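Letters go in sequence order (proteins before strands), and every chain restarts at 1. None of the values given here were measured: they were computed from a predicted structure.
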4 protein chains.
Amino acid sequence: MRRDVALHCDILRNMPQHSIPKDEHGARRPRHEGRILDAVIDGLVEDGYQQLTVEGVAVRAGVHKATLYRWWTGKPALVAEALAQRMDTGPVPDTGTTRGDLIAWLRVTVANYTGTQAGVAMPALIGDLAVTSHGLQAFREAFLTERRAGCAQLVRRGMARGDLPVDTDVDLFLDALAGAVFYRQLVSGVPITADLPERIADLLLGSA
Amino acid sequence: MRRDVALHCDILRNMPQHSIPKDEHGARRPRHEGRILDAVIDGLVEDGYQQLTVEGVAVRAGVHKATLYRWWTGKPALVAEALAQRMDTGPVPDTGTTRGDLIAWLRVTVANYTGTQAGVAMPALIGDLAVTSHGLQAFREAFLTERRAGCAQLVRRGMARGDLPVDTDVDLFLDALAGAVFYRQLVSGVPITADLPERIADLLLGSA
Amino acid sequence: MRRDVALHCDILRNMPQHSIPKDEHGARRPRHEGRILDAVIDGLVEDGYQQLTVEGVAVRAGVHKATLYRWWTGKPALVAEALAQRMDTGPVPDTGTTRGDLIAWLRVTVANYTGTQAGVAMPALIGDLAVTSHGLQAFREAFLTERRAGCAQLVRRGMARGDLPVDTDVDLFLDALAGAVFYRQLVSGVPITADLPERIADLLLGSA
Amino acid sequence: MRRDVALHCDILRNMPQHSIPKDEHGARRPRHEGRILDAVIDGLVEDGYQQLTVEGVAVRAGVHKATLYRWWTGKPALVAEALAQRMDTGPVPDTGTTRGDLIAWLRVTVANYTGTQAGVAMPALIGDLAVTSHGLQAFREAFLTERRAGCAQLVRRGMARGDLPVDTDVDLFLDALAGAVFYRQLVSGVPITADLPERIADLLLGSA
DNA sequence: CCGTAAACGAGACGGTACGTCCAGTCTTATT
DNA sequence: AATAAGACTGGACGTACCGTCTCGTTTACGG
């Protein structure tokens with residue numbers, strides 16, 4: 001009943017008062033889920049993941065702490081769900097060229113990791129989720145799988161076009177693509193400039 | 001006096017009893033520094049970064065909690081120093097070929113992130129360090145700069161040899177190199193196999 | 001509607017299914033009153049008064065918590081009613097001698113306070129009831145008045161017989177009689193032996 | 001270290017600032033013990049035992065909740081210690097006559113149970129203490145033993161004087177003595193008048 | 001060899017948040 | 001109607017760890 005990191009892309013929210021909210025499968029949902037997830041996002045933006053507390057979210061959302069624990073197992077689950085719902089995924093880009101597709105895709109990635117609080121929250125969140133073995137895996141499925149599949153599609157299109165070697169290791173390509181952004185933002189700290197997407201695309205297309 | 005993330009590659013340790021440990025500049029050092037950093041590492045290995053507590057380290061090291069706070073500002077500083085001392089850096093590889101050098105360097109990187117507890121602790125540690133603006137920067141300088149410089153040297157050698165384009169963005173190349181490993185280990189969760197170093201090298205050398 | 005500590009010596013219980021239970025005055029009664037009060041008693045016996053919870057009673061009785069709150073004001077009222085129905089009162093003893101009567105009466109008292117869970121539950125129950133001014137009074141009327149009247153009758157018979165002074169303070173006599181048992185059981189903790197009734201009777205009859 | 005109901009008649013309190021308070025045996029004591037026990041008593045008087053909360057005591061005493069839990073196991077232990085220190089024991093009365101002694105002793109008893117909040121708190125306290133098997137026993141030893149011994153001395157003196165039968169069951173006598181007051185105050189609810197001590201004395205001396 | 005300064009051990013303490021429990025109320029649906 | 005189902009507010013629980021503090025003791029160096 002209680003979702004650990006059971007993430008839903010729930011669009012049915014802000015229902016008329018006094019009607020029990022349900023998701024698309026008819027399952028019960030927290031009464032004030034919208035307010036709660038908004039509160040999580042707001043807290044992330046203002047204070048960052050570390051400073052975010054369950055009690056703080058409860059206060060901000062005007063909800064009792066116990067209500068949060070009824071529906072989520074704790075801070076990681078709350079944040080994971082909030083991020084999953086708010087993180088921009090967008091459509092798979094189709095610009096006509098492989099380079100253009102990769103650049104478009106990377107732009108969204110860069111925006112997600114830098115523009116929102118998601119990037120800053122991510123390492124700590126992952127650290128928290130990794131405490132339990134299943135936590136991180138569930139998060140990956142809810143959060144990454146879809147987005148990763150979109151990019152894989154894009155890479156295969158490039159292979160078909162002959163822009164990429166036919167034996168390209170797709171998974172590795174994706175890891176290098178996203179990893180370059182992720183690592184720069186979190187670890188190396190090299191400033192992220194507007195032309196980063198193009199530079200990464202060029203590096204990986206071997207046409208730099 | 002108190003080092004926040006003032007990391008030293010201290011080789012003077014395990015001194016004869018009853019002599020005050022000093023570093024190479026004659027500065028005083030914590031009496032039981034060796035035991036303490038060992039305790040940190042042990043704690044990391046057994047419980048992970050999240051579960052590690054300053055009190056726990058104190059108990060494990062047979063030292064009073066206040067002693068730790070006298071010398072370090074808290075958990076992140078303790079862990080950062082412990083990792084910096086234990087993380088294997090090694091010499092800059094020189095195998096004769098650029099591909100060989102990259103593979104050798106990546107092997108050490110993979111070993112660091114997977115073999116030790118460092119990789120697992122890293123995201124949470126970074127998350128903690130990122131709370132204070134200077135924390136993360138200090139950690140980078142102590143931890144990354146040297147290692148990164150070694151790899152940069154290796155990349156420039158490749159450019160000189162003509163194995164890499166002359167206008168290669170070195171910083172970006174390093175980010176993609178390490179990022180692919182880091183991202184795979186922490187985010188995507190794709191299993192890390194023995195041939196990963198070769199595959200990454202091939203991908204980035206455009207010869208895949 | 002809702003009885004606070006409105007205790008009834010209800011003998012209409014375990015009715016045929018699907019007939020609305022009513023008391024002797026035709027008033028409506030909770031549908032599953034029997035199961036509920038049994039659950040209270042069971043809970044008292046197994047866990048004691050402190051550990052008894054309204055939710056626990058609801059679960060045990062297979063009834064919804066709200067149902068309990070519809071008919072009773074809370075735990076004290078529930079327990080008070082359950083005890084009132086189960087506490088053995090018995091007839092006023094008439095053995096022919098005052099000493100015999102007192103002993104017989106004390107035997108029942110001792111049995112009530114030691115054999116059942118009533119004695120153990122009593123102080124905490126009284127503590128809870130005493131929170132509201134009327135709570136304790138209502139409990140006294142339902143629980144004590146009848147039993148006390150029976151004993152008073154017995155004492156007056158003794159005065160008539162000349163076994164007790166004609167100016168005996170009956171209320172005080174009753175308090176000392178029951179108080180000796182109550183105090184020993186709850187406060188002093190001196191073990192209660194089989195001959196306690198005789199000893200108390202002798203003490204108060206002045207023939208010890 | 002932590003006293004469950006380890007009660008001390010500690011007179012060493014309100015020490016000069018920054019000196020660690022110790023009891024007569026040199027054992028450590030809570031820094032603000034005086035303020036804390038005062039807060040307990042005040043809370044009892046104003047709200048009664050049931051409404052008293054550990055958090056409330058902490059606030060009232062200007063002390064952190066964790067401090068209370070460091071030194072006491074919970075509410076029962078706190079209240080027990082506070083009552084033990086504040087409950088008037090007084091010297092064993094010696095009026096020259098057994099009747100006078102009993103009356104004097106009963107007056108203090110009545111005052112304790114009615115004048116202070118102790119009497120009102122007592123049943124609920126006992127109920128709480130009785131949850132753990134040792135709790136009640138510890139309380140008895142700290143709280144009752146001394147006072148009871150004083151009265152026993154008084155009863156034996158009466159036996160020596162010939163005012164009481166030589167085979168009087170002292171324990172039972174004490175139970176009846178205190179029980180009459182206790183039971184009236186808590187259970188029967190009969191109003192306690194000024195002449196109650198005399199009446200009880202007369203009843204038990206068989207001279208009523 | 002002894003006095004001084006520091007590091008250290010011991011542990012109470014205030015503070016913040018945790019995650020849990022139960023009370024008691026409410027809405028909605030069912031019987 | 002009375003019940004069932006169960007979400008919800010509210011308040012307290014007892015715990016964990018943080019980082020700071022005082023106080024007394026040890027340690028090792030420098031005169």
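- For A:D42, the side-chain hydrogen bond (donor to acceptor under 3.5 Å, both in side chains) criterion is met by no residue, not counting sequence neighbours.
- Rounded to an integer number of Å, the gap from A:Q50 CD to E:dT16 P is 18 Å.
- Close to F:dA2, at under 4.0 Å from its OP1 or OP2, lies no side-chain N or O of C:R70.
- Between C:L78 atom CG and E:dC22 atom P the separation is 16 Å, expressed in whole Å.
- The structure places CG of C:L83 at 10.5 Å from CG of C:L78, a figure rounded to the nearest 0.5 Å.
- Taking the side-chain hydrogen bond (donor to acceptor under 3.5 Å, both in side chains) definition, one finds that C:K65 meets it with C:E55, sequence neighbours left out.
- Taking side-chain N and O atoms only, D:W71 has no distance below 4.0 Å to OP1 or OP2 of E:dA12.
- Taking both residues in full, the closest heavy atoms of C:L44 and C:Y49 are given as CD2-CA, 3.6 Å, listed atom of the first, atom of the second, then distance.
- Across all strands shown, A:T67 has heavy atoms under 4.0 Å from base atoms, whether or not it also approaches the sugar-phosphate.
- One N or O on the side chain of D:R35 and one on the backbone of D:G62 form a donor-acceptor pair closer than 3.5 Å.
- The distance between atom CH2 of B:W72 and atom C1' of F:dG19, rounded to the nearest whole Å, is 16 Å.
- A:R31 has its CZ atom 18 Å from the P atom of F:dA5, to the nearest Å.
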Pick out the pairs of N or O atoms, protein on one side and nucleotides 16-18 of chain F on the other, that lie under 3.5 Å.
residue : atom : partner : partner atom : Å
F:dC18  : OP1  : B:V54   : N            : 3.0
F:dC18  : OP2  : B:V54   : N            : 3.3
F:dC18  : OP2  : B:E55   : N            : 3.2

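- A straight line from CG of C:L68 to C1' of F:dT3 spans 11 Å, rounded to a whole angstrom.
- Scanning both residues, B:Q50 and B:K75, for their nearest heavy atoms gives O-NZ, 3.5 Å.
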